[in-house]
**Student:** 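Structure provided below as structure tokens; questions to follow.
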Amino acid sequence: MRPPLLLALALLVTALPAYGQTPVQTHGALAVEGGSVVDSSRRPVVLRGMSLFWSQWQPQFYNHDVVRWLKDDWKITVIRAAVAVEHGGYLDHPERETAKAETVIDAAIAEGLYVVVDWHAHQPHPEEAITFFTHIAQKYGAYPNLIYEIYNEPLPEHGWAEVVRPYHMQVAAAIRAIDPDNLIVAGTPSWSQDVDIAAADPLPFSNLAYTLHFYAASHRQELRDKAQIALDRGAALFVTEWGTSEADGAGAFDPDETRLWWAFMEKNGLSSLNWTIADKPETSVALRPGASAHGGWSEAWLTPSGQLVRDHLREMNR
């Protein structure tokens, strides 16, 4: 029997990522077990990273240089490609927007990061989503880096039973016909806040989590309570988008409420991606207008939100 000190050191070493390994080398394929996202060793894993902006409006940041800089300097373990669907996105330019997603996926694979491929829509478009995700699954489904986010933010009028769940049944089934294993994250009604409703009527797919979104200056304890109900019902949650601002991405900057959300996510082992790598003049964006499209940003190029989030990621992911 090992002495207690040696046993404690051995447990600590197995809980830490191997030196020099990428996040995907460390954790491998992700799965959902017992209401938690776990790695290939069936240990709970928490990913923390950044989301890119709507792909049709800030395409300059959809490149390998940005992904590499975020890994090396911000210490992200996951990146999100927000593939715009409406407003001049995929519905009008499917090849163009798919190419942007592939650029980010290729960069994430090369850098050993996980990548959330987000169907960034508010309205259901199941046929187009199936076409898009079928292509992505066929090309990249063998890579453990891939995470499918199949419906970004259904609106309040899109009921779970009436609209959202039937949509997910179609799109998730199409993905599972090609890729039986990689994590799927399913959006929930009311801008992906009604996770409690989804958890009461769950989808019948393995390795599936439900999307929770929050903006700290608008969404407070009431939404954390809804999230706790979903967790208590056995649902796995994944915060694929959160901001330090009000719900529209603008308005007040709220670092105090942000820290309450950080504490809640850490307590419950929730992975998350901050909104957003962009240089649009809004509260929630990380970069000041005119920031380089290829990374290398000094602190002078970071907004208050960007500085807060970068510091947090560097502390938590080191």
Side-chain angles (χ1 to χ4, degrees), residues 51-59 61-62 79-109 114-143 145-194 198 203-205 207-213 238 240-241 273 275-276 278:
S51 176
L52 301 173
F53 200 76
W54 296 72
S55 59
Q56 87 282 42
W57 287 328
Q58 293 265 307
F61 298 108
Y62 280 67
I79 186 79
R80 179 181 186 236
V83 181
V85 178
E86 300 134 359
H87 310 297
Y90 181 92
L91 297 183
D92 295 319
H93 305 283
E95 293 183 0
R96 184 189 73 186
E97 300 309 313
T98 299
K100 292 173 189 173
E102 291 181 351
T103 296
V104 175
I105 297 168
D106 289 339
I109 292 171
Y114 293 95
V115 55
V116 176
V117 183
D118 163 38
W119 184 251
H120 205 73
H122 293 303
Q123 298 292 334
H125 303 284
E127 293 183 3
E128 293 85 354
I130 288 170
T131 298
F132 173 74
F133 283 114
T134 295
H135 170 77
I136 296 297
Q138 288 173 337
K139 187 167 184 177
Y140 297 105
Y143 292 93
N145 312 64
L146 201 62
I147 300 170
Y148 306 93
E149 183 180 1
I150 60 177
Y151 192 169
N152 170 54
E153 286 186 345
L155 299 178
E157 60 263 32
H158 300 142
W160 176 253
E162 298 80 10
V163 177
V164 183
R165 193 179 193 280
Y167 169 96
H168 288 320
M169 290 296 294
Q170 296 179 68
V171 180
I175 292 171
R176 284 290 178 251
I178 303 164
D179 180 352
D181 299 317
N182 276 324
L183 187 65
I184 293 174
V185 186
T188 55
S190 299
W191 300 284
S192 283
Q193 294 171 43
D194 289 343
L203 292 159
F205 299 98
N207 296 347
L208 183 140
Y210 297 93
T211 309
L212 174 66
H213 286 179
F238 200 119
T240 58
E241 181 179 316
L273 297 108
W275 183 265
T276 172

**Student:** What's the separation between atom CD in E149 and atom CG in L273, rounded to the nearest 0.5 Å?
**Tutor:**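 Those atoms lie 8.5 Å apart.
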**Student:** Would you confirm whether the ring centroid of W57 sits within less than 6.0 angstrom of the ring centroid of H120?
**Tutor:**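 No: the rings miss the under 6.0 Å criterion.
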**Student:** Rounded to the nearest 0.5 Å, what separates atom CD in E162 from atom CD in E157?
**Tutor:**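 Going from CD on E162 over to CD on E157, the span is 12.0 Å.
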**Student:** Consider only side-chain N and O atoms of S55 and E97, and report whether a donor and an acceptor are under 3.5 Å apart.
**Tutor:**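 Indeed, the side chains of S55 and E97 share at least one donor-acceptor pair under 3.5 Å.
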**Student:** Is any side-chain heavy atom of L155 less than 4.5 Å from a side-chain heavy atom of W191?
**Tutor:**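 Yes, side chains in contact.
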**Student:** Between CG of L183 and OH of Y148, what distance do you get to the nearest 0.5 Å?
**Tutor:**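 Going from CG on L183 over to OH on Y148, the span is 10.5 Å.
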**Student:** Work out which heavy atom in A172 is nearest to a heavy atom in F205; give both atom names and the distance.
**Tutor:**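 Closest heavy-atom pair between A172 and F205: CB-CE1, 3.7 Å.
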**Student:** Quick check for you: to the nearest 0.5 Å, what is the distance between L146 atom CG and D181 atom CG?
**Tutor:**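 So the gap between those two atoms works out to 12.0 Å.
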**Student:** Identify the heavy atoms of V164 and G187 that sit nearest to each other, and give their distance.
**Tutor:**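 Minimum heavy-atom separation between V164 and G187: CG1-O, 3.4 Å.
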**Student:** If you round to the nearest 0.5 Å, how far is CG of N182 from CZ of R176?
**Tutor:**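 It comes to 7.5 Å.
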**Student:** Would you check if P204 and M169 make a side-chain contact, meaning some heavy-atom pair closer than 4.5 Å?
**Tutor:**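 Side chain of P204 against side chain of M169, heavy atoms only: contact under 4.5 Å found.
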**Student:** Quick one, T240 and D118 - any side-chain contact, counting heavy atoms below 4.5 Å?
**Tutor:**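 Side-chain contact under 4.5 Å: no.
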**Student:** Under 3.5 Å, side chain of S192 to main-chain N/O of L212, donor-acceptor pair present?
**Tutor:**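 Absent.
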**Student:** Hey, are the side chains of H168 and I184 touching, using non-hydrogen atoms and a 4.5 Å cut-off?
**Tutor:**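 SC-SC contact between H168 and I184 ruled out.
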**Student:** Measuring only between side-chain heavy atoms, which start at C-beta, is V115 closer than 4.5 Å to Y140?
**Tutor:**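 The answer is no, as the side chains (C-beta and beyond) never meet within the 4.5 Å cut-off.
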**Student:** Write down the atom of G159, the atom of P189, and the distance for their closest heavy-atom approach.
**Tutor:**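 G159 and P189 have their closest heavy atoms at C-CG, 4.2 Å.
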**Student:** Any non-hydrogen side-chain atom of V85 less than 4.5 Å from a side-chain atom of H125?
**Tutor:**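 In contact.
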**Student:** On the 0 to 90° scale, with breaks at 30° and 60°, tag the W160-Y210 ring pair as parallel, tilted or perpendicular.
**Tutor:**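 W160 vs Y210 ring planes: perpendicular.
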**Student:** Is a donor from one side chain sitting under 3.5 angstrom from an acceptor on the other, for H93 and Q56?
**Tutor:**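 No, no side-chain donor-acceptor contact under 3.5 Å.
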**Student:** If I take atom CG from residue D179 and atom OG1 from residue T134, how far apart are they, to the nearest 0.5 angstrom?
**Tutor:**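 The CG atom of D179 sits 11.0 Å away from the OG1 atom of T134.
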**Student:** Below 30° counts as parallel, above 60° as perpendicular, anything between as tilted: where do the rings of Y151 and H158 land?
**Tutor:**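 Rings of Y151 and H158: tilted, 30 to 60°.
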**Student:** Write down the atom of P180, the atom of I178, and the distance for their closest heavy-atom approach.
**Tutor:**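 Reported closest heavy-atom pair: CD-O, 3.6 Å.
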**Student:** Please examine the side chains of T276 and W54, heavy atoms only from C-beta on, and report whether any two atoms are closer than 4.5 Å.
**Tutor:**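 A side-chain contact under 4.5 Å is absent here.
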**Student:** State, to 0.1 Å, how close W119 and I150 come at their nearest heavy-atom pair, and which atoms those are.
**Tutor:**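 Taking every non-hydrogen atom into account, CD1-O, 3.6 Å.
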**Student:** Quick one, E86 with L91, criterion side-chain contact (heavy atoms from CB on, under 4.5 Å). Give me CA distance, side-chain angles, the key distance, then yes/no.
**Tutor:** CA-CA 6 Å; E86 300 134 359; L91 297 183; 4.2 Å; yes
**Student:** Can you confirm whether more than 12 heavy atoms, excluding those of Y143, are under 6.0 Å from its OH atom?
**Tutor:**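 It does not: Y143 OH has 12 such atoms or fewer within range.
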**Student:** Can you find a heavy atom in the side chain of L203 that is under 4.5 Å from one in the side chain of R165?
**Tutor:**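 Yes, at least one pair of side-chain atoms sits under 4.5 Å.
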**Student:** I would like to know whether V185 and V116 meet side-chain contact (heavy atoms from CB on, under 4.5 Å); could you show each step before the answer?
**Tutor:** CA-CA 9 Å; V185 186; V116 176; 5.9 Å; no
**Student:** Closest approach of N145 and A108, non-hydrogen atoms and distance?
**Tutor:**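 That closest heavy-atom pairing would be ND2-O, 3.7 Å.
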